[in-house]
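Starting from 1, each residue takes its place in the sequence as its number. Just so you know, these numbers come straight off a predicted model, no measurement behind them.
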Amino acid sequence: MSTLAGPTKGAEKTADASEQWEARPGLARALRFGIFAAPLLVSILFTWMAGRIAPPESLGMNRWVWIGCVFV
């Protein structure tokens, strides 16, 4: 059985410095923040738009029921 078989074939070989990834901590931090903040901003925007388009009073709903529906 060969030691160079399988999906990690040749992984034990070390790459020289020109083939390695360059660290970009600022870009990584911005990406992490975007992944965290984007869903929050989209949900806030959706809630605001739902309140403008279909407020609970115009639907004849209790405000807390409407908030629960928007939350879900």
Transitive ILVMFWY cluster of [X] at side-chain heavy atoms under 4.5 Å: who else is in it?
X     : result
Phe33 : none
Ile44 : none
Trp48 : Leu45, Met49, Ile53
Phe36 : Leu40

Subject >> Qualifying salt bridge (charged side-chain N to carboxylate O under 4.0 Å, His left out) pairs with a residue from residues 42-54, counting only residues at least two apart or across chains >> reply: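 Sorted pair list comes back empty.
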**OP:** Could you list all the salt bridge (charged side-chain N to carboxylate O under 4.0 Å, His left out) pairs where at least one residue sits in residues 37-51, not counting sequence neighbours?
**Re:**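 Listed once each, the pairs would be none.
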For [X], side chain to side chain contact (heavy atoms under 4.5 Å, CB included) partners two or more places apart:
X     : result
Leu31 : Ile35
Glu57 : Pro55, Arg63
Val70 : Phe46, Thr47, Ala50, Trp66

Subject >> Closest approach of Gly34 to Pro39 (non-hydrogen atoms, all atoms of both residues) >> reply: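 Taking every non-hydrogen atom into account, O-CD, 4.3 Å.
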**OP:** May I have all residue pairs that pass side-chain hydrogen bond (donor to acceptor under 3.5 Å, both in side chains) and include part of residues 22-41, sequence neighbours excluded?
**Re:**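 Every pair satisfying side-chain hydrogen bond (donor to acceptor under 3.5 Å, both in side chains) with a residue in residues 22-41: there are none.
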